[in-house]
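Counting starts at 1 for both ligands and their atoms, following the listed order. Remember, predicted model here, so these are calculated numbers, not experimental data. Atom set for the values below is all heavy atoms of this structure, side chains included, hydrogens, waters and symmetry mates excluded.
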Amino acid sequence: MRFLRILRVLGGVFLASGVLRAQAPTKSGAVTVIRAGALIDGKSATPRRDQAIVVRGNRIESVGDTASAKVPDGARVVDLSRATVLPGLIDTHTHIFLQGEDPAEGGYDAQLLKQGIAFRAVRASLAARRALEQGFTTIRDVETEGAGYGDVGIRQAIEGGYIPGPRMLVVTRAISTTGGYPLEGYAPEVVVPKGAQIVDGPVEARKAVREQLDHGADWIKIYVTHRSWVDKQGNLVSQPTFTLEEIKAIVDEAHGWGKKVACHAYNGVGLHRGLDGGCDSIEHGLELDDAAIAQMVKQGTWLVPTMNVYYDHWAPEGTSQGILDRKRAAVHGPSLQKAVKAGVKIAFGTDVGGFSWSDPIAREFSRMVEFGMTPMAAIQAATSKAAELLSMEGDVGVVAPGGYADIVAVAGDPLKDVRTLEAVGFVMKDGKVYRDELK
Ligand SMILES: [Zn+2]
């Protein structure tokens, strides 16, 4: 996140929508049959017509032609025969503890300096609900921005059924170096909190990973670049943070626990150190040079491009921030295009929270298609590919026997117009229906 001053256009609008109704607990063996007019299953290259999806409890039991499907006695039937059914969507880059950094609310700094943890947790729980309401049934939330281990608590509340929300993988505090993360710009005599855990040297770096994993992190997130600017020649330049030795210590420790490392990286030296150090995913990757792309292909490193967030709310033209905002967007598209062409593995991620939770998360699909992905490839990036990044293949991101019953539907054909995904009208997660407006 944490680079955009963004207006929260429709803050709180979902509060009033009443879309997410309280759910009666599902009996473990309860059966639901979903009739799908078209099914994009998350893995297959083409959709299938007229499919019946049998859900038992929280898992998908079978998928087959409606004509030959047997509806078990007592099964509830959900008729989506005029809709396109897909796996629950996956956003692999969210920040439920950010709320669009609205300048009217004091922007980023006020969240750390003036808002207590209980207040932030309430808003985070509403953000989680908002993700689910939009059809995102799994998210990887990539740091709490000063809210400590709050994401572990939200994940626990969702898993316990106390609040509605997506399946969550959390990174807790994230890690950067001295001079590598806000809050910044305060008098040196004043001790201010930092949005990430600050470490220096491989020993501290490894210890931070151990602490975070010990306290419930599913992933480790590090910032391998921090400040960026446009130099006199018009190039985007990014300040590297960690040394290669520090990154290697982090990756080695995380991998030893069977966990992966997400690396926030724009371009340049820091990005290359992240790749040399064995990062599992590059977040943003605004400007991937040819060597970086070749290395990502070779190492199987994922790219989570987060395109759309860089197109919003630019600072005025001619200001240093305005020049930077425009430069970031200008290099990002061609970079994604090159990565797509070269076969870099791409997972859907948006940085939502950096922009308002009231904006459609699925706007990202249009940018992915604009810069070289087919609609089907963009959908798979948010389903089976994202599941692969998260080591959840077969469980999520696919409508197939054995998978969790995380299923969404839209009224139109997203292969003709990916923008239809901005209006998900049916949401089932774990076999429970949270939204049902496609009658
Ligand atoms: Zn982010």
Side-chain angles (χ1 to χ4, degrees), residues 1-6 8 90-102 107-109 111-112 120 123-124 127-128 130-131 136 138-147 150-151 154 166 168-176 180-183 194-197 212 217-228 238-239 241 260-267 270-271 274 279-287 302-313 324-325 328-329 332 336 346-357 359 361 363-364 367-368 382 386 389-390:
M1 94 62 240
R2 197 301 79 201
F3 39 74
L4 296 164
R5 315 132 319 280
I6 277 175
R8 202 167 44 93
I90 302 169
D91 188 339
T92 70
H93 192 124
T94 67
H95 297 279
I96 61 169
F97 278 90
L98 285 180
Q99 309 301 332
E101 300 187 57
D102 186 352
Y108 181 80
D109 291 22
Q111 295 171 97
L112 278 73
R120 294 192 68 190
R123 297 196 73 185
R130 181 66 182 141
F136 288 84
T138 301
I139 61 174
R140 182 184 60 163
D141 201 69
V142 285
E143 94 133 310
T144 60
E145 314 285 357
D151 50 0
I154 301 291
M168 279 184 71
L169 294 140
V170 303
V171 313
T172 75
R173 300 177 63 190
I175 309 170
S176 192
Y181 212 74
L183 302 179
K194 295 287 183 183
Q197 186 168 1
Q212 294 184 2
D218 301 300
W219 269 75
I220 294 298
K221 159 88 174 285
I222 64 172
Y223 287 84
V224 298
T225 65
H226 177 42
R227 290 184 184 83
S228 55
S238 299
Q239 164 214 349
T241 55
K260 293 178 179 172
V261 181
C263 295
H264 166 112
Y266 275 7
N267 67 350
L271 172 81
C279 283
D280 297 291
S281 69
I282 295 294
E283 308 294 311
H284 317 299
L286 296 193
E287 192 175 31
W302 290 83
L303 173 64
V304 180
T306 71
M307 298 297 293
N308 199 59
V309 70
Y310 292 95
Y311 287 83
D312 276 338
H313 306 292
L324 177 62
D325 288 345
R328 290 192 303 200
H332 203 174
L336 176 59
I346 293 164
F348 181 98
T350 64
D351 226 349
V352 59
F355 62 91
S356 169
W357 284 93
D359 294 343
I361 299 170
R363 284 190 312 190
E364 183 74 11
R367 295 289 177 193
M368 296 171 99
L389 167 65
L390 303 181

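- Looking at Trp302, its side chain never comes within 3.5 Å of a backbone N or O of Glu283 through a donor-acceptor pair.
- Checked against ring-ring contact (aromatic ring centres under 6.0 Å, His included), Phe348 has the following partners two or more places apart in sequence or in another chain: Phe136, Phe365.
- Cation-pi check for Arg363 over Tyr311 is not met; the charged atom does not lie both under 6.0 angstrom from the ring centroid and within 45 degrees of its normal.
- Rounded to 10°, the angle that NE2 of His93 and NE2 of His95 form at the Zn ion (ligand 1) is 100°.
- Taking Ser238 as the reference, Asn267 meet the side-chain hydrogen bond (donor to acceptor under 3.5 Å, both in side chains) condition, with sequence neighbours excluded.
- Note on Glu143: not counted as a metal contact of the Zn ion (ligand 1), no N/O/S atom lying under 2.8 Å.
- The atom of Asp351 that is an N, O or S and sits closest to the Zn ion (ligand 1) is OD1.
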